[in-house]
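The structure under discussion appears below in the form of structure tokens.
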Amino acid sequence: MPKFDVTTAPRHEAKVGNQWWRSGVIYQIYPRSFADANGDGIGDLAGIRSRLGSLAALGVDAVWLSPFYRSPQKDAGYDVSDYCDVDPLFGTLDDFDAMLTAAHSLGLKVLIDLVPNHTSDQHKWFQAALTGGLVEVGGAKLAARDLYHFKPGRGVAGELPPNNWLSLFGGPAWSRIRDENGEPGDWYLHLFDSSQPDLNWANPAVQAAFEEILHFWLDRGVDGFRVDQPHAMAKAAGLPDHPDVERAGAGFIEGEAAPPMWFQPEVHPIFRRWRAILESYPGERAMCGEAYVLPLSLMAQWVRPDEFNQTFNFRFLDSEWNAATLFANINESFEAFDAVGAPSTWVLNNHDVIRHASRFGGNYGRATASDGIGPNSPQPNAATGLRKARGATMFMLGLPGASYIYQGEELGLPEHTTLAEVFRQDPTFARTGGERVGRDGCRVPLPWEAGAGDANGFNQTGEAWLPQPEIYRAYSRDQQDGVAGSTLELYKQALHLRRNLRLGEGSFAWLPEFTRDEVLGYRNGDVLVIHNFGNAQVTLPAGEVVLSSLLGMQTGHSLAPDQTVWLKLHT
Ligand code: GLC
């Protein structure tokens, strides 16, 4: 089949007037790095509230907050010790309510992060499990160990882990505890850090407890959830060995049978119940799964009409930035998601991957397979990276469906690529002895006002849990606000046009004359979106250029390398 076979490629019909989550732009807030009101160096809910106006001005529809729950912060809050309270680092439940009210009054929806695969080892259930105690869940007293995966080890004295599973963060997925008498005891499962024990989702008590958690936050008025690692929740009965750790490591091989810890079918009834809970509330509540399930035809089962409203499109996030890959991946997305009536989502950044302004400035491979950039890694080319990143985002934001953007990308913020080892906090760094530098480089506090304190307006004290690199000053929001051609103005313009032209609800079809290695173009209603992947100028068709990813190209009628334009047809 030819690389760019437009005749067999899917088309997508417009879906005007549907629920917000089908077409909205959702902005990810990473609370510890967004804005810090109390000046302790870690962002907080009051800081978020004070800066929400700038997100409304940016033109996003919703925000998604990464975890702010009580947590020892071993994995930046993805290790939750109390799902129904705010960690004092971030404020109080009252601060949460005030933030939520402020967001709603600005017309912003609020999604929060639900972390169901694992708790923190400081969670009261796990603490009770360590001593072999009982816990009360939903009025019943239960053996706490049954809420997790505890097993005796293999080997003569149980000295070997119960199976061959590996942790995504490096090393084995099992840790051994000591019994009360100090003797080595059973092992517990953790697909992530040893401080993140996996819950046993086959246990109805775990299921019931999480339904209560959903109610707790929905009653407070949240508009929904981003669900962490839902594809890990159910494990095959008996926890058999991974059939091929040599090739798959902690993961899976696409196209082969799912290994016992990934996307087991028992999760689906759970998500159906969650969806029913969301729908029992007024308004349009939604849940988005961080489901790393591939190919997308399999992922489609997760977004059937009574399951997740949407899932992240990791296929798109992982696309190498070339025409043939994007052509195939966008086709696969529309085919899979349209088949079940779900919106496709589009995403280029989050708190787990190298920022695209740096990723596209070097050779760092697939986004989700990359492990950060350290001072000893090859350094990205900032100018190339930013030019490509702006082009990529403008190409993405013209697509119908829901789009996700990650805090700071609207500033063109690069990765912190020279962060010293002493600051590294991602457990991946320690678990691999520094071999994988980890994800801290994309999590550095945001610069708001250049030169305001040492942290450029992140707070008033200059404290920062990760230090900003010197270059962040130049990327500060106040340096870009109202400045023609800045990345911030480009994002604003794109988001406002997207809303006014209803592109999120729009249609999709490739432009046959613009589908080749050097250029890719599609049509959404009356708008043509075209990106130049080649090294030569590309002549544009007739029409009004309403958006350009490069400054000074608004009137020219050819497309420079790495440039994206939105061109409105005269109708
Ligand atoms: C998700 C989060 C990531 C976290 C992991 C374990 O992938 O995005 O930050 O480390 O789950 O909870």
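In each ligand, atom 1 is the first atom listed, and ligand 1 is the first ligand listed.
Classification of the Trp346-Phe316 ring pair by plane angle, with boundaries at 30° and 60°, yields perpendicular. Aromatic ring orientation, Phe312 versus Tyr404: perpendicular (interplanar angle above 60°, classes split at 30° and 60°).
With ligand atoms numbered from 1 in the order given, ligand 1 contributes 3 (C), 4 (C), 9 (O), 10 (O) to contacts under 4.0 Å with heavy atoms of Arg439. In the vicinity of Asp75, heavy-atom distances shorter than 4.0 Å reach the ligand 1 atoms 4 (C), 6 (C), 10 (O), 12 (O). Near His351, meaning under 4.0 Å from one of its heavy atoms, ligand 1 places the atoms 2 (C), 3 (C), 8 (O), 9 (O). Ligand 1 places these atoms under 4.0 Å from at least one heavy atom of His118: 6 (C), 12 (O). In summary, the atoms of ligand 1 found under 4.0 Å from a heavy atom of Phe169, numbered by their order in the structure, are 10 (O).
Closest protein heavy atom to atom 2 (C) of ligand 1: Asp228 OD1, 3.1 Å. Among all non-hydrogen protein atoms, the one lying nearest atom 7 (O) of ligand 1 is Glu290 OE2, 2.7 Å. Nearest to atom 8 (O) of ligand 1 among the protein's heavy atoms is Asp352 OD2, 2.5 Å.
Side-chain polar atoms of Tyr78 and Asp113 form a donor-acceptor pair below 3.5 angstrom.
At least one heavy atom of Arg443 sits closer than 4.0 Å to an atom of ligand 1. Using a 4.0 Å heavy-atom cutoff, Arg226 is listed among the residues neighbouring ligand 1.
Salt-bridge check for Asp40 with Arg32: failed, with every basic side-chain N at 4.0 Å or more from each acidic carboxylate O.
Partners of Ser370 according to the side-chain contact (heavy atoms from CB on, under 4.5 Å) rule, which considers only residues two or more places apart in sequence or in another chain, are Ile354.
Asp223 approaches Lys109 most closely through the heavy-atom pair OD2-CA, 3.3 Å.
Arg431 forms no cation-pi arrangement with Phe169, by the criterion of a distance under 6.0 Å to the ring centre and an angle within 45° of the ring axis.
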